[in-house]
Protein chains: 2
Amino acid sequence: MDERAAVLAANAAFYRAFEDLDLAAMEAVWLNAPYVKCVHPGWSLLTGFGPVMDSWQRIFANTRGMHFELANILAEVVGDLAWVVLMEVIETQTPEGIERGLVQATNIFQRDGGRWLLIHHHGSPVYMPPSEAGPESMH
Amino acid sequence: MDERAAVLAANAAFYRAFEDLDLAAMEAVWLNAPYVKCVHPGWSLLTGFGPVMDSWQRIFANTRGMHFELANILAEVVGDLAWVVLMEVIETQTPEGIERGLVQATNIFQRDGGRWLLIHHHGSPVYMPPSEAGPESMH
């Protein structure tokens, strides 16, 4: 398997753990390191393996079901790091009903002992496709 | 200068170009490559040097003044890639008045010919600090 394919497999395993609400699988896809980081949509930063896993536990405990479709997946590899950029099309079953959302994500992976492990996840809510994005946005 | 310091200097140059609304300086901090990518807060993905620079031009043309404070800057370097995670505290002068916002950012840099150049910027609006972030959020 070439490295890009290995990175895409690691990325797919992350979303499978997410969709399965499987904390053990989620722990297995992340590097257990103090510098791993996670930004959930609308949240500020979580740093460290423990706080990041605590956040997944809270999210999984409050989610009845979740379905992902991943779109526009772009992966690049440079040495022992790789980053994957994609759009998450999400349907979430919550106590209040089904929520649908678009999330733009950046995932960074590090090769550690021959395995690609997640070290950074940044997801952000999408309100405008770029073609409609105008000067009224924050940046 | 050690590599982490060089990355932080490149990151500072990016925000200086942004604050100065200086397109030439902005072009100089990015790698001119088809795989560079940018996610402005609330937007979906822009890919390629041209589209990314077009977005800065539009943003600069519609911004009268902008002031950044950068907080919680964390930088890591692995080989020829580095990533910087930080909070942007932004005051923007727009035609409608001053807008204040918090943006969580992930910036990825690549070492190219001895220089650290930006290859990915992902900024996202922050609504909740993690301590208040609860299960009601999208993820």
Side-chain angles (χ1 to χ4, degrees), chain A residues 18 35 37-47 51 55-56 58-59 61-63 66 72 74 76 78-83 85-88 90 92 94-96 99 101-106 108 110-111 119-120 122-139, chain B residues 18 35 37-47 51 55-56 58-59 61-63 66 72 74 76 78-83 85-88 90 92 94-96 99 101-106 108 110-111 119-120 122-139:
Chain A
F18 200 159
Y35 62 86
K37 302 179 189 76
C38 185
V39 182
H40 297 293
W43 300 26
S44 57
L45 184 69
L46 298 166
T47 302
S55 75
W56 291 115
R58 278 195 289 163
I59 289 165
N62 288 279
T63 305
M66 163 162 280
N72 305 327
L74 299 168
E76 306 285 344
V78 175
D80 286 330
L81 281 188
W83 67 108
V85 179
L86 57 88
M87 179 82 85
E88 307 168 359
I90 307 177
T92 311
T94 71
E96 291 73 38
E99 284 181 13
L102 290 180
V103 169
Q104 184 67 52
T106 297
I108 308 178
Q110 183 170 0
R111 188 164 43 192
I119 56 172
H120 186 67
H122 185 161
S124 63
V126 174
Y127 305 114
M128 293 181 288
S131 59
E132 296 170 24
E136 67 281 8
S137 61
M138 179 181 288
H139 267 188
Chain B
F18 201 159
Y35 62 85
K37 303 179 189 76
C38 185
V39 182
H40 297 291
W43 299 28
S44 58
L45 185 70
L46 299 165
T47 302
S55 74
W56 291 115
R58 277 195 289 160
I59 288 166
N62 289 279
T63 305
M66 164 163 278
N72 305 328
L74 298 168
E76 306 286 343
V78 174
D80 286 330
L81 280 189
W83 68 107
V85 179
L86 57 89
M87 178 83 84
E88 307 168 358
I90 307 177
T92 310
T94 71
E96 290 75 37
E99 284 182 13
L102 289 181
V103 169
Q104 184 67 51
T106 298
I108 308 178
Q110 184 171 359
R111 189 164 43 193
I119 57 172
H120 186 67
H122 186 162
S124 62
V126 174
Y127 304 115
M128 292 181 288
S131 59
E132 297 170 25
E136 66 281 10
S137 62
M138 180 182 287
H139 264 191

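Every chain is numbered from 1, with letters handed out A, B, ... down the list of sequences. Values in this document were obtained by computation on a predicted structure and should not be read as measured data.
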Part of [X] lying under 4.5 Å from any heavy atom of chain B:
X	result
A/Ala61	neither
A/Ile108	side chain
A/Ile119	side chain

Relative to chain A, which segment of [X] carries a heavy atom at a distance below 4.5 Å: side chain, backbone, both, or neither?
X	result
B/Thr47	side chain
B/Val85	side chain
B/Gln110	side chain

Only one of A/His122, A/Gln104, A/His40 forms a side-chain hydrogen bond (donor to acceptor under 3.5 Å, both in side chains) with B/Ser124, so which one is it?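 Answer after filtering A/His122, A/Gln104, A/His40: A/His122.
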Choice from A/Asp80, A/Leu74, A/Asn72 maximising heavy atom contacts with chain B below 4.5 Å: A/Leu74
Contact summary for A/Val126 and B/Trp43, nearest pair of heavy atoms: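 Nearest heavy atoms, A/Val126 then B/Trp43: CG2-O, 4.0 Å.
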